[in-house]
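Below is one structure; the comments refer to it alone.
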Amino acid sequence: MTIRVYSTLTRRKEDLVPVVAGKISMYVCGPTVYKPSHVGHMVGPVIFDTIKRFLVRSGYDVKFVINITDIDDKLIVESARRGTSVPALAAEVTADYMTCLDCLDVNSVDSFPRATDHIPEILAMISGLIDKGHAYASDGDVYFDVGSDPDYGKLCNRDPDQLEAGARIEISSRKRNPGDFALWKGAKPSEPFWPSPWGNGRPGWHIECSAMSMKLLGESIDIHGGGLDLQFPHHENELAQSESFTGKPFAKLWLHNGLMKTGDRKMSKSEGNEIVVGLLLKKHRAETLRCLLLSSHYRSPIEYSEDRLLEVQRGLDGFHRFFQRFERIVGESFYGLPTGQFELADSHFAAYGTRFVEHMADDFNTGAALGVLHDLLGALNRFVEVSRLDHPAPSAVAVSDFKRNTLVLRDLSNILGLFQRPISVDTVSQDDLAGPLVEFLIELRNDARKNKDFAMADRIRKKLADLNVTIEDRPGSSGWRRG
RNA sequence: GGCCCCUUAGCCAAGCGGUAAGGCCGCGGAUUGCAAAUCCGCUACCCCCGGUUCGAAUCCGGGAGGGGCCUCCA
């Protein structure tokens, strides 16, 4: 199946044709590590992790890189403010970022290169650009000469002359043109620095991505991704310096994810309206956040609110109840089922897999894919009803079919990175006193029901409900759950 | 001022020329002693005005409203 992807470069959907057959290289711009991650920082990683999962499931060998920018003006300012060093700040914030990704099950990233580990590559590239006449040293700085690149502006449809007219960019006497950007910045006193042919200094903002992308993935890669806000100037500049350096296409497809909003504004550190991930995860499951991020198309802006999160949570609850149902009927955990095998199901169920794949192959339409997941959930619950699997002594054949058909749900949800592990086991059933007590009360209630003493039965159920225990009566037995 | 993008039910959301997926909420019904859970059913003048077309939420033009970028930003 042909996978179609919208590229910012051409402003339309393109067929995914790998540079190297069977392989996909993917570079996504990661964070500048000066402050703890907020929810918006998770959008890209979750989307691209999902894209990789889908591509791998589709048979591609995918190499996925997210960079860490650990040297930048922001780090210098923030570390000074906090009285710590740039490396210490970078290490701390990077660790926070990794923890967030881990919570969200973003675990398909192959490497997280750091800018400061690639100074030699960066220096080599800057030298090369100077040699080729695309950059010039100026009083300790080195700038990319925008005028030397006739293609400059092709990603964002930007005209360099317009940039001059705008005059909102930094005008420096060291630059030839206002649109020129720093490849290397000379160090001021007390700033961290590395020696270079142009004096002590540090890399400019965009060069690290070009250097690391080329080193780890090659001169031409398949997918370059990042937030919509990086289109300009970051990606435009990366593109210009990379292609000026190699003379080859830098990335075939440019993907940009929409930005997270709170209220009706973009969530960002500079707006000061960011929701820090660590804080959010104290109140909500990471899985709920992941699902929220996947519920709309990756290119759309996504609205964040507490209510939205709770709404997504309620939707997910239906799946969690199903997993308990599955375990009760099959006697095995849903989470233990093998992944990647939806084709083994009955054709009626496997068809959901096909539909799902079609949606994903059309520019990674996770929202539509999630819709299929809900349809499938309904179909599986229907199967339980029709086959009377919730009744005592169900047919062994039906149970076996049920298990096989549930492989579809396991496979598809795994592509989205959902339901990766059981949600935290509630403490009541683990408690060796409370669990048996609840069971005993249910037993008493069922005795009362047999004797038609519904007043007593309802009294017991009401009391348990007050204690946040919900009783579920089924044919032949009664279960219970928290909440 | 320049460059992008968005506008679908109470809310979220898919849709990419053939008469509107899905979720949340709500309302009926099946089931239940009653509930819960599950299943079934119901809820859309697709922002407005023109145009193209046998046919448009989908294409084109204009208008209104909203957002992003042009300065650090995922």
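Residue numbering restarts at 1 for every chain, and letters A, B, ... go by the order of the sequence lines. All heavy atoms count here, side chains included; hydrogens, waters and symmetry mates do not.
The partner of B:C47 is B:G63, by the rule that a Watson-Crick or G-U pair needs both atom distances under 3.5 Å. Here B:U52 sits opposite no nucleotide as a Watson-Crick or G-U wobble pair (both hydrogen-bonding atom distances under 3.5 Å). B:A36: no Watson-Crick or G-U partner with both key distances under 3.5 Å is found in any strand. Base pairing annotation: B:U58 forms no Watson-Crick or G-U wobble pair, as no partner gives both donor-acceptor distances under 3.5 Å. Pairing for B:C42 is with B:G26, a Watson-Crick or G-U wobble pair whose two hydrogen-bonding atom distances lie under 3.5 Å. In this entry B:C72 has no Watson-Crick or G-U wobble partner, no candidate having both defining distances under 3.5 Å.
The phosphate of B:U38 (OP1 or OP2) has no side-chain N or O of A:R325 nearer than 4.0 angstrom. Note on A:K266: a side-chain N or O is less than 4.0 Å away from OP1 or OP2 of B:C69. Between B:C4 and A:N157, a contact under 4.0 Å exists linking OP1 or OP2 to a side-chain N or O. Proximity of A:N381 to the phosphate of B:C39: a side-chain N or O atom is located under 4.0 Å from OP1 or OP2.
In terms of polar N and O atoms assigned as donor or acceptor, the side chain of A:R11 never comes within less than 3.5 Å of the base of B:C4 in a complementary pairing.
Of the candidate nucleotides B:G2, B:C39, B:A37, B:A37 has the atom nearest to the side chain of A:R321. When distances run from any side-chain atom of A:L230 to the nucleotides B:A14, B:A74, B:A36, the shortest one goes to B:A74. Side-chain proximity of A:R481 to the nucleotides B:A36, B:C69, B:A74 is greatest for B:A36.
In this structure, A:R174 pairs ionically with A:D141, as a charged nitrogen and a carboxylate oxygen lie closer than 4.0 Å. Comment: A:R290 engages A:D49 in a salt bridge, judged by a side-chain N to carboxylate O separation of less than 4.0 angstrom. Salt bridge status for A:R314 with A:E311: absent, with no side-chain N to carboxylate O gap under 4.0 Å. A salt bridge links A:E92 with A:R82: the distance from a Lys NZ or Arg NE/NH1/NH2 to an Asp or Glu carboxylate oxygen falls below 4.0 Å. Ion pairing between a basic and an acidic side chain is recognised when a charged N comes within 4.0 Å of a carboxylate O; A:R382 and A:E385 show no such pairing.
Straight-line distance from the CD1 atom of A:I302 to the P atom of B:A13: 8 Å, rounded to whole Å. A:L292 places its CG atom 14 Å from the C1' atom of B:C11, with the value rounded to the nearest Å. Spacing between atom CE of A:M360 and atom P of B:G15 amounts to 12 Å, rounded to whole angstrom units. Spacing between atom CH2 of A:W480 and atom P of B:A37 amounts to 17 Å, rounded to whole angstrom units. Per the geometry, CZ belonging to A:R299 stands 15 Å off C1' belonging to B:G68, to the nearest Å. Following rounding to the nearest Å, A:I51 (CD1) and B:A74 (C1') show an atom-to-atom distance of 14 Å. In this structure, A:E303 atom CD and B:C5 atom P are separated by 22 Å, rounded to whole Å. To the nearest angstrom, C1' of B:C16 lies 15 Å from CD of A:E14.
Using a 4.0 Å heavy-atom distance criterion, A:M260 is classed as a base contact. Within the nucleic acid shown, A:H297 comes within 4.0 Å of sugar-phosphate atoms alone, with no base atom in reach, counting heavy atoms only.
With ring centers used as reference points, A:F349 lies 6.0 Å or more from A:F342.
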Walk along nucleotides 18-33 of chain B from 5' to 3' and tag each nucleotide B, S or - by protein heavy-atom contact under 4.0 Å, base first, then sugar-phosphate. ---BSBSS-------B

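Residues passing the side chain to side chain contact (heavy atoms under 4.5 Å, CB included) test with A:P475, sequence neighbours excluded: A:H391, A:P392.
Screening residues 292-314 of chain A for ring-ring contact (aromatic ring centres under 6.0 Å, His included) gives no qualifying pairs among residues at least two apart or on separate chains.
Taking atom C1' in both B:A14 and B:A64, one finds a spacing of 25 Å when rounded to whole Å. B:C3 sits 27 Å from B:U8 when the C1' atoms are compared, rounded to a whole Å. Taking atom C1' on both B:A20 and B:A9, the two are 11 Å apart, rounded to the nearest angstrom.
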